Amino acid sequence: MDASAQTISAALLDWYDAHARVLPWRSAPGAPPPDPYRVWLSEVMLQQTTVAAVGPYFDKFTRAWPTVEALAAADEGEVMAAWAGLGYYARARNLIACARAVAARGGTFPDTEAALRELPGLGAYTAAAVAAIAFDRPATVVDANVERVVARLNAIEEPLPAARKAIRARAEALTPPRRAGDFAQAMMDLGATVCTPRGPRCLLCPLTQWCAGRRAGAERFPVKPPKKAKPQRRGRAFWVERGGQVWLVRRAGRGMLGGMLALPDDGWSARGDGSAAPPLDGPWHPLGTVRHGFTHFDLDLQLMLYSGSDLARFAPNDGEWWDIARLDQAGLPTLFAKAAGLMLALRDETGESG
DNA sequence: TAACCGTGGAC
DNA sequence: TGTCCAAGGTT
């Protein structure tokens, strides 16, 4: 660590001591680290997800499953339902797998970056973050905040993702041998509250005197590649009702919304050409369309009502009947929660009680 | 490497 | 309404 890097990291830690955000999964600057379980759980939830969105989920999970052993012993469907609405459901599947792997080794998380990296759902970022924050290891944590701060600090003109190698090298040079966890959280707090993507508050920044990017216009760093257009897809979901219950299915364990409880559908997730769904044979009637944006495509999902009498075709082997009165507890991902909301709104309009 | 994988808030 | 994008991981 050269003298300049040491000066910069010391200035950032001083800033963190005074301005650290208070968060449920975090201990105060300089204080002993939190429970590794809580660090790991929060880091997985925070992957590509805002602090505000994570808050209620972190509370719910730690209340329901206070330890990694409790989570490992939990019913998978309950965990997936508890995750519903948070998105990127592979995280929840990996969360269960990781909890069980940790429980199998006695309930103790590995305390090195390399060993953490072997666990399901822990990539370079999360392994380094848990190692640094929970175990005070001098690991270099590089997330989107760190990328932005470092790219600006060094006025890196090379666009992402090619710039990541240089960014990581600079971040490693800045990482202090002590308080690496606080340093990582300081970088992320700085990126979230001062060195923001738009409208950075350079006048409030503790690193401004060392920032090459500020002189060149900090906001334009990091340089990013042009975005690709999002395709439009269309599909149908099906509302099948019987005596105040609706037919739900468990989606396959991989791919879109994998492992989640859902309304049955026509496989829109596998049809990528944007074509309209073919006509349906039988007693099906359109109720309306839900528009939903995913990361890499937009979806128009038409909700179809089944008015036939052949309910035997919906066998418990393939799904389950769920009480409509407690549908909000089913743990449907947002797409299907929207579709269900459309149906329930129509029901209210027509004055039916169910 | 690049595609895939959710969602909601900010502007 | 549209656009951007957040404490990324897996394949």
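Please read all numbers here as calculations on a predicted model, not as lab measurements. Proteins get letters first, then strands, A, B, ... in listed order; numbering begins at 1 in each.
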Have a look at [X] and say if it touches a base, only the backbone sugar-phosphate, or nothing, with a 4.0 Å heavy-atom cut-off.
X	result
Arg93(A)	nothing
Ala124(A)	sugar-phosphate
Leu257(A)	sugar-phosphate

Just compare [options] and give me whichever is closest to any side-chain atom of [X].
X	options	answer
Asp189(A)	dA7(C), dG6(B), dG8(B)	dA7(C)
Asn94(A)	dA10(B), dT10(C), dA7(C)	dT10(C)
Arg198(A)	dC4(C), dA7(C), dG6(B)	dC4(C)
Arg254(A)	dA6(C), dT11(C), dG6(B)	dT11(C)
Arg117(A)	dT10(C), dT7(B), dC5(B)	dT10(C)
Ala192(A)	dT7(B), dA7(C), dA6(C)	dA7(C)

Could you measure between the two P atoms, the one in dG8(B) and the one in dG9(C), and give it in whole Å?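 Those two atoms are separated by 22 Å.
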Looking only at atom P, what distance separates dA7(C) and dA3(B), rounded to whole Å?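 It works out to 23 Å between them.
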Take atom [atom1] of [X] and atom [atom2] of [N], then tell me their distance rounded to the nearest Å.
X	N	atom1	atom2	answer
Tyr57(A)	dA7(C)	OH	C1'	17 Å
Leu86(A)	dC5(B)	CG	C1'	13 Å
Lys224(A)	dC4(C)	NZ	P	10 Å
Phe297(A)	dC4(B)	CZ	P	9 Å
Lys230(A)	dC4(B)	NZ	C1'	13 Å
Asn145(A)	dC5(C)	CG	P	13 Å

Is there a donor on the side chain of Arg148(A) or the base of dA6(C) sitting less than 3.5 Å from an acceptor on the other?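 No, no donor-acceptor pair under 3.5 Å.
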Does the side chain of [X] get closer than 4.0 angstrom to OP1 or OP2 of [N] through an N or O atom?
X	N	value
Tyr88(A)	dC4(B)	no
His296(A)	dC5(B)	yes
His292(A)	dT7(B)	yes
Gln48(A)	dG8(C)	yes
Lys228(A)	dA3(B)	yes
Thr334(A)	dG8(B)	yes
Lys227(A)	dC4(C)	yes
Thr126(A)	dG9(C)	yes
Thr295(A)	dC4(B)	no

Should we say atom CZ of Arg254(A) is surrounded by more than 12 heavy atoms from elsewhere, each under 6.0 Å from it?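 Not more than 12 within 6.0 Å, no.
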Is the distance between the ring centroids of Trp284(A) and Phe238(A) under 6.0 Å?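 They qualify: ring centres under 6.0 Å apart.
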Would a line drawn from the ring center of Trp83(A) to the ring center of Phe61(A) be shorter than 6.0 Å?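 Yes, they do, as the ring centres are separated by less than 6.0 Å.
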Do Arg137(A) and Asp111(A) sit within salt-bridge range, that is, some charged N less than 4.0 Å from a carboxylate O?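 Salt bridge flag = yes for Asp111(A) with Arg137(A).
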Would you say Arg164(A) and Ile156(A) make side-chain contact, with heavy atoms under 4.5 Å?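 Arg164(A) vs Ile156(A): side chains apart.
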Side-chain donor or acceptor of Thr208(A) paired with backbone N/O of Leu204(A) under 3.5 Å: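 Such a contact is absent between Thr208(A) side chain and Leu204(A) backbone.
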